[in-house]
Peer 1: 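One structure follows; several queries about it will come next.
When reading the values below, keep in mind they use all heavy atoms of this one structure, side chains included, and skip hydrogens, waters and symmetry mates. Indexing begins at 1, ligand by ligand and atom by atom, following the structure's order.
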Amino acid sequence: METREFIRSLPKAELHLHIEGTLEPEMLVELARRNRVEIPFRSVEEVRAAYEFTELQDFLDIYFQGMNVLREAEDFEALTLAYMDRAAADGIVHVEIFFDPQGHTQRGIPFAVATNGILSGLAEGGRRHGISSRLILCFLRHLSEEDGFATFREAEPWFADGRIIGVGLDSTERGNPPAKFAGLFQAAHDAGLKLVAHAGEEGSAANVRDAVDILKLDRIDHGNAALDDPALVERLAAARMALTVCPLSNVKLCVVPDIAAHPLKRMLDAGLCATVNSDDPSYFGGYLGDNFMAVTEALGLTRAGLVTLARNSIEGSFLDAAQKAPHLARLDAVATSLRGA
Ligand code: ADE
Ligand code: ZN
């Protein structure tokens, strides 16, 4: 079996995906036209040409500009459904996706419009492809904790019945350390929500440690910088703390010099529960299958290594044990057949 087909055949979860980061240039241009939103681009090619970044802030500027075209619940639904179609093509069985409600409410789009549109897209994607899903609300860390609290209160009805299962922290890591959001994450913890945060993408190992300790995380988004602190690596490995690693994103934002220098294999060799994810695939050059292919080729991952990555994604998900079991059983069967081959 070809490598691409082997990767596709593995049951996998995507655990680090910003739905606004799946906005393809074609949809951006179409929604701008339909919603009469002024954009500084005259064609799909001009949009694509603007997707050039050398660091996180350059990307975020374009990312926030791009989401301006999302106005109606149907826009959010169409965006999400397009992602679910891509996920199915990559053999993904479960997704836990992020959204940035403050990026929408700040420009006058009601919280319910964005949230319910995304939830509709997830539900339809589930019916169409049999993919299970969970939604995680990310707070923008360049905004104040108080602003985050206002969003938290607005989201409470969606937390209460599980339509949103957890909270995360994204946007500019530099200058916005975990401690800035200690109170907000304590409130989320008290509400029984799952807790994740971006840490160690452009920040240091200390940022990863503080995120785990101060924010009481269930999972770390990126976490690359943890490798600079051997004691922290040992702790995270012993705790089976999942890291949602994003290889093509790391290359595009110059977190690593090139894909051959990516630390994913070192993470696995150190016993970390590393997973592969696509972050903002429309901006970073590929969806989940592309990320898997890139690291497989550049880092020489074996098929057993790929099974481990798929298993980490299921184990690191927020599914319960009964929901994980059939996916893990399928992976065990693949692992057994590899040993026999
Ligand atoms: N928002 C969307 N993608 C992000 C990333 N990779 N890092 C921080 N914030 C983000
Ligand atoms: Zn991210």
Side-chain angles (χ1 to χ4, degrees), residues 13-24 28 51-68 70 76 79-80 83 95-104 106-107 114 118 134-143 147-148 151 166-178 180-181 194-204 207-208 211 215 217-226 242-256 262-264 274-288 290-291 313 316:
E14 172 134 74
L15 307 177
H16 184 155
L17 182 285
H18 303 263
I19 197 63
E20 296 90 345
T22 67
L23 182 59
E24 291 289 337
L28 189 153
Y51 288 4
E52 276 305 324
F53 337 97
T54 50
E55 61 170 10
L56 180 59
Q57 195 58 56
D58 297 342
F59 156 68
L60 289 169
D61 292 345
I62 292 183
Y63 168 83
F64 287 118
Q65 184 182 57
M67 68 175 78
N68 268 325
L70 299 166
F76 290 91
L79 177 73
T80 307
Y83 165 66
V95 299
E96 297 182 0
I97 70 167
F98 302 139
F99 77 126
D100 285 335
Q102 290 158 299
H104 309 303
Q106 278 209 324
R107 54 188 181 84
I118 294 167
R134 302 286 186 269
L135 184 59
I136 297 173
L137 182 165
C138 276
F139 299 110
L140 297 176
R141 67 202 307 162
H142 66 272
L143 300 179
D147 204 300
T151 301
V167 299
L169 200 53
D170 64 0
S171 181
T172 321
E173 188 178 357
R174 211 170 279 145
N176 298 293
K180 179 178 168 184
F181 297 95
K194 298 293 185 192
L195 308 178
V196 303
H198 285 52
E201 180 187 25
E202 59 174 8
S204 64
N207 246 23
V208 180
L215 305 180
L217 298 189
D218 296 299
R219 195 161 74 203
I220 300 167
D221 295 316
H222 296 293
N224 300 39
L243 272 60
T244 63
V245 181
C246 305
L248 290 176
S249 163
N250 291 160
V251 173
K252 194 83 177 184
L253 300 182
C254 303
V255 172
V256 296
H262 196 279
L264 179 73
T275 64
V276 171
N277 304 272
S278 67
D279 206 2
D280 301 280
S282 132
Y283 293 91
F284 298 149
Y287 286 77
L288 193 66
D290 305 311
N291 274 272
S313 77

Peer 1: What about the rings of His18 and Tyr83, do their centers lie closer together than 6.0 Å?
Peer 2: no

Peer 1: Give me the ring orientation class for His198 and Phe98: parallel if the planes are under 30° apart, tilted from 30 to 60°, perpendicular past 60°.
Peer 2: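 Tilted, since the angle between the ring planes falls between 30° and 60°.
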
Peer 1: Evaluate the side-chain proximity of Leu56 to Glu201: yes if any heavy-atom separation is below 4.5 Å, no if none is.
Peer 2: yes

Peer 1: Under a 4.0 Å heavy-atom cut-off, what residues line ligand 1?
Peer 2: His18, Leu56, Phe59, Leu60, Tyr63, Asp170, Ser171, His198, Glu201, His222, Asp279, Asp280

Peer 1: Looking at Tyr51 versus Phe284, is the centre-to-centre ring distance below 6.0 Å?
Peer 2: no

Peer 1: Give every protein N, O or S atom lying under 2.8 Å from the Zn ion (ligand 2), naming each by residue and atom.
Peer 2: His16 NE2, His18 NE2, His198 NE2, Asp279 OD1

Peer 1: Is the ring centre of Phe139 less than 6.0 Å from the ring centre of Phe181?
Peer 2: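 Centroid separation for Phe139 and Phe181: 6.0 Å or greater.
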
Peer 1: Before you tell me yes or no, could you show the steps for Leu253 and Gln57 under side chain to side chain contact (heavy atoms under 4.5 Å, CB included), namely the whole-Å CA-CA distance, both residues' side-chain angles and the distance that decides it to 0.1 Å?
Peer 2: CA-CA 9 Å; Leu253 300 182; Gln57 195 58 56; over 6 Å; no

Peer 1: State plainly whether the residues Lys194 and Glu96 are in salt-bridge range, i.e. N to O under 4.0 Å.
Peer 2: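 Salt bridge absent between Lys194 and Glu96.
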
Peer 1: Taking the six-membered ring for Trp, are the ring centroids of Phe76 and His104 within less than 6.0 Å of each other?
Peer 2: yes

Peer 1: Just by distance, no angles: are the side chains of Ser278 and Glu14 close enough, under 3.5 Å, to form a donor-acceptor pair?
Peer 2: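 Yes.
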
